[in-house]
*Asks:* 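So that we are looking at the same thing, I have put the structure below in structure tokens.
What you see is a predicted model, and the numbers here were worked out from it, not measured in a lab.
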Amino acid sequence: MRIGVDYYPEQWDKAMWEKDAETMARTGVKLIRIGEFAWSRIEPREGEFDFTWLDDVIGIFSAYAIGTILCTPTNCPPLWLYEKYPEIIQVGSDGVRIRTGIRGHRCINSPVFRTYAKRVTEQMIRHYSGKPAVAAWQIDNELEAYPCSCDVCKGKFRDWLLDKYNDLDGINKAFGNSVWSGEYSSITQIQPPTDYPQAWQNPALCLDWYRFRSDSAADFVRDTTLTIRLEDTKVPITTNAHLCRDNPDFYKLFDLLDFVSFDNYPPLNIPADPDEYYSHAFYLDLMRGIKDRNFCIMEQLSGPTGCWTPMSPAPRSGMIMGYALQAFVRGADTVLHFRWRTALTGAEMYWHGILDHSNTPNRRFLEFSDLCKKVAQLNILDNTYIVSDAAIIYSPEAEAAFRIQPQTEGFSYIKQLTAFHSALTKFGANIDVVPSNADLSRYKLVIAPSLHINKKESTENLYRYVINGGTLVLTARSGVKDEHNNCIMDTLPTVFKELIGADVAEYDPIGNGKRTIRDFAGNEYECSQWCDIMRLSTARAYAEYNDGEYRCMPSVTMNRYCNGVAYYVGTICRSDFYEDFVSNLMMQTGIPKLKGLPRGVEVTTRTNSRDEYICFFNNSEESAVIPLPKPMYSIISSIGKDKLELRPFEMDIVRK
Ligand code: GLA
Ligand code: ZN
């Protein structure tokens, strides 16, 4: 486990570098990440490359035993390049070219951009290949499925469609273009969705447009990876993912890369409503699941955030330490804090780093120093890993499809995933978040909310899992669309009907309306947003609607199928339902439960062939007391304990 920081040498007087390196080394920093925005310093004029300053930085830091993660600077082409080739700037969905002066606005499909990006990358790799101070390469920064509608992207999108569907006829069929005289009679009529409200545009076109944009980001990563590999076969390569409206498909983005990196900004306000699912840990599990292996936090929350938004509150006392440890125990072997010192200039001057503008030690710096010391103590966890009995399936395509067509007021795909994640967390379970084609045979319980877009491979994977004895949960809005994002002439959930032994007789998108359901044991729960009225074939009702015209009709079903069981939750409830439901499922599948955990306490169990370590993280603003079933040794405080007393955001780790 290592702690690092994001550093921007080009933003500071070079006289400060050595002092910064010295302070970092004394604090316990092991790594810096540099260069992702520094193209104009690396190639100040076309074809003139200057690595002297980078050599100095890398040399100074390595003299203090601080390694460097070096980035390809392609996020920010220099202004001379934009001036010479304005066509490399992205065009928005309003058809207008973005103005220069901010970052990230290059079109990653532009051949001119790609030529220059490749050249600067090659130059860097040639210069740094074989230098031991370079610990890893980061490609670009926070790549998105950019909605660029420039002529190159339009052309590539058309080719992408022709490649997929052969000819215009194939595209017209796939898109169902007989609606509203939408039939293409020439390839140039194909246009990306525009700024016009998306709700008016063809969902089939919108989903393929998303897939194309996501593939474009993955293609840029693939190309850059190959460029690096030609010169340097050893140093590991990554790119840093972040959460945004235009998330690319992370599974494809990281396919060729050596490890996953994530920019981790947990919300600074813990929701006051205890019913609101709060499970930022979901994203850490998601990142670990992309390659089913440890990952890196390339940017970690360090201070009040704000620049394109008004400033957030400062991290509460304990958060700097707690959120870094939370990431560690969930699989991040390296955490770099964004950023060492807050910028004095530029748009991000209020996105605070560890140090404030004043550059004097502050509360956050002291906590960060403690973190560096604590991490050194936790090396014992290095050879442990997470084994989970339960998995939640995340589908980037479902997420994209729901973004294109929000189903009802309040409906959120990710909230369904986090609702189950929170419920499992409440009982102390380890959870993997995995793609729909993952090997599921290792799980006792698999939850696959709203698998909206049918994919033969995933459907078969789920059937196989249940046939072989697995317990599966599906939810409303599953099986609704074919692979083109069109509806299917069949009762829902179409391909899953046989598996769940039931179908949807009628659905009611009630939005913010409220209803209740009652389970087999007589417990009542409020539901809203969506009501599937289930018709049973081989399934039994687990819960029924309890009021209105659907009273006594099944809302949640359970079906034995071959050696396994498939549940279907046809509505969306508040957290109490998911907690009770998951509790029953854990009991039935033999997943151990930790009962009575205080609200907000998250547990991660890490094992190796000899030992088991239980990590308790108090992700709340209240102190928490956790009685232990027997005295256990705390590797944090190096003493035996029979109960844990955790301050807000504090973590303790005991050996079982
Ligand atoms: C992202 C970027 C960083 C910085 C932070 C905070 O994560 O990668 O460069 O802009 O946001 O603003
Ligand atoms: Zn473009």
Side-chain angles (χ1 to χ4, degrees), residues 203 398 401-402 405-413 415-417 419-420 423 447-454 459 462-463 466 471-482 485-561 565-582 584-585:
F402 288 127
Q405 290 178 294
Q407 301 286 289
T408 59
E409 286 304 323
F411 180 95
S412 150
Y413 172 66
K415 271 197 183 156
Q416 285 211 58
L417 275 65
F420 282 103
I447 299 168
S450 300
L451 278 185
H452 201 57
I453 306 283
N454 291 339
T459 309
L462 295 178
Y463 269 86
V466 178
T471 297
L472 174 72
V473 178
L474 299 176
T475 72
R477 310 314 285 147
S478 297
V480 176
K481 297 288 191 79
D482 66 14
N485 205 13
N486 293 321
C487 288
I488 300 169
M489 194 180 285
D490 194 357
T491 57
L492 296 174
T494 66
V495 291
F496 298 118
K497 274 190 302 195
E498 183 186 328
L499 185 59
I500 67 163
D503 67 357
V504 177
E506 184 186 351
Y507 59 71
D508 192 347
I510 62 172
N512 290 329
K514 305 266 184 262
R515 300 206 178 249
T516 57
I517 60 171
R518 179 200 284 262
D519 73 7
F520 65 95
N523 302 308
E524 271 185 35
Y525 307 95
E526 189 180 291
C527 65
S528 70
Q529 298 171 26
W530 194 271
C531 295
D532 277 338
I533 319 306
M534 304 305 293
R535 181 167 50 199
L536 309 178
S537 51
T538 53
R540 284 189 291 143
Y542 177 97
E544 293 173 346
Y545 292 102
N546 195 38
D547 50 10
E549 70 256 51
Y550 308 130
R551 199 180 144 79
C552 296
M553 296 184 177
S555 50
V556 181
T557 62
M558 191 271 258
N559 186 44
R560 290 193 187 289
Y561 187 77
V565 189
Y567 289 84
Y568 183 88
V569 181
T571 185
I572 292 164
C573 295
R574 294 169 69 83
S575 59
D576 54 349
F577 168 76
Y578 296 103
E579 286 166 6
D580 291 352
F581 182 53
V582 159
N584 280 334
L585 295 175

*Asks:* Would Cys527 and Tyr545 count as a side chain to side chain contact (heavy atoms under 4.5 Å, CB included) if you check the C-alpha gap in whole Å, the side-chain angles of each, and the deciding distance to 0.1 Å?
*Replies:* CA-CA 9 Å; Cys527 65; Tyr545 292 102; 4.2 Å; yes

*Asks:* Could you tell me the separation between the CE atom of Met558 and the CZ atom of Arg540, rounded to the nearest 0.5 Å?
*Replies:* 4.5 Å

*Asks:* Is the closest side-chain donor-acceptor distance between Tyr561 and Glu498 under 3.5 Å?
*Replies:* yes

*Asks:* Table please: side-chain donor-acceptor pairs of residues 506-516 below 3.5 Å, with sequence neighbours left out.
*Replies:*
residue	atom	partner	partner atom	Å
Asp508	OD2	Tyr550	OH	2.6
Thr516	OG1	Asp547	OD2	3.1

*Asks:* Starting from the C-alpha separation in whole Å, work towards a yes-or-no answer on side-chain hydrogen bond (donor to acceptor under 3.5 Å, both in side chains) for Ser478 and Ser450.
*Replies:* CA-CA 4 Å; Ser478 297; Ser450 300; 5.3 Å; no

*Asks:* May I ask you to test the Val473-Leu585 pair for a side-chain heavy-atom distance under 4.5 Å?
*Replies:* yes

*Asks:* Are Phe496 and Tyr568 close enough that their ring centers fall under 6.0 Å?
*Replies:* no

*Asks:* Flag the pair Asp490 and Lys497 as a salt bridge only when some basic side-chain nitrogen lies within less than 4.0 angstrom of an acidic carboxylate oxygen.
*Replies:* yes

*Asks:* Check the pair Arg518, Glu544 against side chain to side chain contact (heavy atoms under 4.5 Å, CB included), reporting the backbone distance first and the verdict last.
*Replies:* CA-CA 5 Å; Arg518 179 200 284 262; Glu544 293 173 346; 5.7 Å; no

*Asks:* More than 12 foreign heavy atoms under 6.0 Å from CD of Glu524: is that the case here?
*Replies:* yes

*Asks:* Please lay out, stage by stage, how Ile447 and Thr475 fare under the test side chain to side chain contact (heavy atoms under 4.5 Å, CB included).
*Replies:* CA-CA 9 Å; Ile447 299 168; Thr475 72; 5.6 Å; no

*Asks:* Taking all non-hydrogen atoms of both residues into account, name the closest pair between Gly410 and Gln529 and its distance.
*Replies:* O-NE2, 3.3 Å

*Asks:* Who pairs with Tyr542 by side chain to side chain donor-acceptor pair (under 3.5 Å), at least two apart in sequence or on another chain?
*Replies:* Asn584

*Asks:* Of all the heavy-atom pairs spanning Val504 and Thr491, show the shortest one and how long it is.
*Replies:* O-CB, 4.3 Å

*Asks:* With heavy-atom distances below 4.5 Å as the criterion, would you say the side chains of Gln407 and Gln405 are in contact?
*Replies:* yes

*Asks:* Do you know which of Asn523, Thr571, Ile517 makes side-chain contact (heavy atoms from CB on, under 4.5 Å) with Phe577?
*Replies:* Ile517

*Asks:* State, to 0.1 Å, how close Tyr578 and Ile572 come at their nearest heavy-atom pair, and which atoms those are.
*Replies:* OH-CA, 3.6 Å

*Asks:* Going by the rule side chain to side chain donor-acceptor pair (under 3.5 Å), which residues pair with Glu579 if we only count those two or more places apart in sequence or in a different chain?
*Replies:* Lys426

*Asks:* Looking only at the side chains, is there a donor atom on one of Tyr567 and Asn559 sitting less than 3.5 Å from an acceptor on the other?
*Replies:* no

*Asks:* Determine, step by step, whether Leu462 and Leu474 satisfy the side chain to side chain contact (heavy atoms under 4.5 Å, CB included) criterion, reporting the C-alpha distance in whole Å, the side-chain angles of both residues, the deciding distance to 0.1 Å, and the verdict.
*Replies:* CA-CA 10 Å; Leu462 295 178; Leu474 299 176; 4.2 Å; yes

*Asks:* Kindly give the heavy-atom pair with the smallest separation between Ala423 and Val582, and that separation in Å.
*Replies:* CB-CG2, 3.8 Å

